[in-house]
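Heads up, the thing below is written out as structure tokens.
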Amino acid sequence: MLDKKRRINRGKEYGYLYKNGRRITGKYIIVFIKENNLAHNRFGIVTSKKIGNAVIRNRAKRQIREVIRKNLQLVRPGYNMVVIARFNIKEVIFELIEKDYLRIMKKASLY
RNA sequence: UUAUUUAUUCCUUUACAGUCCCUAAUACCUGAGGAAAGUCGGAGCUCCGCAGGGCAGGGUGCUGGAUAACGUCCAGUGGGGGCGACCCCAAGGAAAGUGCCACAGAAAUAAACCGCCGGGAGCGAAAGUUCUCUGGUAAGGAUGGAACGGUGAGGUAAGAGCUCACCAGCAGGCAGGUGACUGUCUGGCUAGGUAAACCCCACCUGGAGCAAGACCGAAUAGAGGAGCAGUGAGGUCGCCCGCCUCGCUCCCGGGUUAGGUCGCUGGAGGUGCUAGGCAACUAGCAUCCUAGAUAGAUGAUUAUCAAAUACAGAACUCCGCUUAUAGAUUUACUUGCUAC
């Protein structure tokens with residue numbers, strides 16, 4: 001699990017990011033990004049019921065969390081991000097998700 | 001365990017030392033299911049006015065037992081199915097009342113369409129035959145899921161439980177059984193189906209649910225004005241009674257996204273043995289037991305295990321039911337085939 005300070009856990013913050021954040025769409029994930037004026041990044045992960053049952057949703061969440069953890073040092077700090085899993089994430093292996101994530105970070109000039 | 005900061009204790013003071021909390025790093029330990037699922041039934045627990053009475057509403061529906069309880073389970077009874085092992089059934093009441101019974105058919109709780117028989121009238125010598133005539137008749141035909149018990153005999157103008165025998169069904173007695181019910185005798189002679197239609201009968205039923213609810217913290221402002229009412233308004237399902245609380249509405253002014261802790265897991269618990277019981281289950285003894293989160297949990301890579309994996313992830317707890325499923329395991333029996 002990520003540290004408590006690196007998590008987004010208020011429904012309102014998610015709503016704020018959807019409204020005001022920059023939206024970048026990848027092949028398997030969608031990311032909303034907004035500056036947060038902190039020395040670190042904060043993340044939220046969303047897996048909707050469209051993706052599948054609880055087992056599939058939890059697995060997708062774990063894999064996204066691992067991608068974020070693995071590349072924590074690479075990404076520039078000071079942003080809030082919401083990562084949304086798309087419905088086709090359940091069919092792909094870990095490396096492809098990681099590649100997708102890094103591509104989005106590059107596009108946002110955070111890497 | 002280490003480190004940093006802060007607070008506190010001790011002390012005249014300082015230092016050393018100790019304790020608690022927060023944060024970070026490291027190490028070690030622990031972490032889902034038979035269905036965790038669907039949320040269909042029941043219960044514990046919590047709060048609401050301790051929930052009292054009546055009506056309404058809802059539920060259950062063969063009998064006896066088990067259980068904290070149930071719409072669950074066990075053992076029976078009665079139906080139905082299967083060659084069989086065995087399986088299935090919301091299975092009370094239709095002589096309390098009402099409704100409905102499509103199409104077909106003359107008629108669907110009401111009967112005469114065809115037919116059969118007697119009488120009358122006409123025709124005819126008679127046999128007989130005809131009818132806008134009259135009466136009897138439910139045996140036969142035709143329709144239908146169902147036509148006012150069935151089969152046979154007597155009986156009759158023709159017929160008819162009109163009479164008799166057997167069968168089905170009904171009522172009552174007796175015997176057996178805790179009981180559902182079974183057996184038998186007697187009687188009168190027949191009573192359509194539908195209650196997952198209304199309904200009747202018996203029993204059960206207050207409501208909301210862990211986002212229940214409790215505590216701590218933060219913030220905190222109304223002796224303001226106007227109108228209305230006092231047979232008023234509100235109070236955790238509907239209506240009436242009973243009970244409890246309070247004036248109410250509008251305007252003006254003020255406040256409001258800050259959370260944390262508990263509830264939160266050891267319990268109607270699992271396993272084994274003994275005893276009781278046909279069984280469900282119960283009792284005693286022994287022994288075993290580690291999720292408890294709060295954006296909400298089993299990651300990535302490599303290796304290995306003989307090989308491989310379905311349905312699927314706890315959110316207060318438990319007992320059931322239902323549905324989804326790869327594989328593995330156990331016992332008893334039935335049927336078929338093959339061999340002896």
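Every chain is numbered from 1 and lettered A, B, ... according to where its sequence line falls, protein lines coming before strand lines. Small disclaimer: the values here were computed from a predicted structure and weren't measured.
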Using atom [atom1] in both nucleotides, what's the gap between [N] and [M] to the nearest angstrom?
{"N": "B/G33", "M": "B/C319", "atom1": "P", "result": "15 Å"}
{"N": "B/G234", "M": "B/C48", "atom1": "C1'", "result": "15 Å"}
{"N": "B/U322", "M": "B/U309", "atom1": "P", "result": "32 Å"}
{"N": "B/G235", "M": "B/G255", "atom1": "P", "result": "30 Å"}
{"N": "B/U194", "M": "B/A175", "atom1": "C1'", "result": "38 Å"}
{"N": "B/A295", "M": "B/A211", "atom1": "P", "result": "14 Å"}
{"N": "B/C200", "M": "B/G97", "atom1": "C1'", "result": "9 Å"}

[X] [atom1] to [N] [atom2], straight-line distance once rounded to whole Å:
{"X": "A/I64", "N": "B/A295", "atom1": "CD1", "atom2": "P", "result": "18 Å"}
{"X": "A/R65", "N": "B/A300", "atom1": "CZ", "atom2": "C1'", "result": "14 Å"}
{"X": "A/I68", "N": "B/A300", "atom1": "CD1", "atom2": "P", "result": "15 Å"}
{"X": "A/I56", "N": "B/C311", "atom1": "CD1", "atom2": "C1'", "result": "11 Å"}
{"X": "A/R57", "N": "B/A312", "atom1": "CZ", "atom2": "P", "result": "12 Å"}

For a quick check of understanding: with a heavy-atom distance under 4.0 Å over all strands, which category does A/E95 fall into, base, sugar-phosphate or nothing?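 The answer is sugar-phosphate, as A/E95 gets under 4.0 Å only of primed atoms, P, OP1 or OP2.
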
Where does [N] fall, syn or anti, if syn means a chi angle no more than 90° from 0?
{"N": "B/A191", "value": "syn"}
{"N": "B/G161", "value": "syn"}
{"N": "B/G34", "value": "syn"}
{"N": "B/A165", "value": "anti"}

Heavy atoms from C-beta onward define the side chain here; which of B/G296, B/A297, B/G299 lies closest to that of A/N58? B/A297

Which nucleotide, B/G296, B/U301, B/G313, lies nearest any side-chain atom of A/V55?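 Nearest listed nucleotide: B/G313.
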
Can you tell if the side chain of A/I64 reaches within under 4.5 Å of the side chain of A/I89, non-hydrogen atoms only? yes

Taking for each residue the nucleotide of RNA chain B with the nearest heavy atom, is it A/R59 or A/V46 whose nucleotide lies nearer the 5' end?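 Counting from the 5' end, the first nearest nucleotide belongs to A/V46.
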
Between CD on residue A/E98 and CD on residue A/Q63, distance to nearest 0.5 Å: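 One gets 11.0 Å once the value is rounded to the nearest 0.5 Å.
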
Go through it in stages, so that I can follow the logic: the residues are A/I29 and A/I104, the test is side-chain contact (heavy atoms from CB on, under 4.5 Å), and I'd like the CA-CA distance, side-chain angles, deciding distance and then a yes or no. CA-CA 9 Å; A/I29 52 175; A/I104 290 167; 3.8 Å; yes

Any-strand Watson-Crick or G-U partner of B/C311, both distances under 3.5 Å: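 Looking at the geometry, B/C311 pairs with B/G33.
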
Using side-chain contact (heavy atoms from CB on, under 4.5 Å), reason through A/Y101 and A/I68 one step at a time and then give a plain yes or no. CA-CA 8 Å; A/Y101 175 75; A/I68 291 167; 4.1 Å; yes

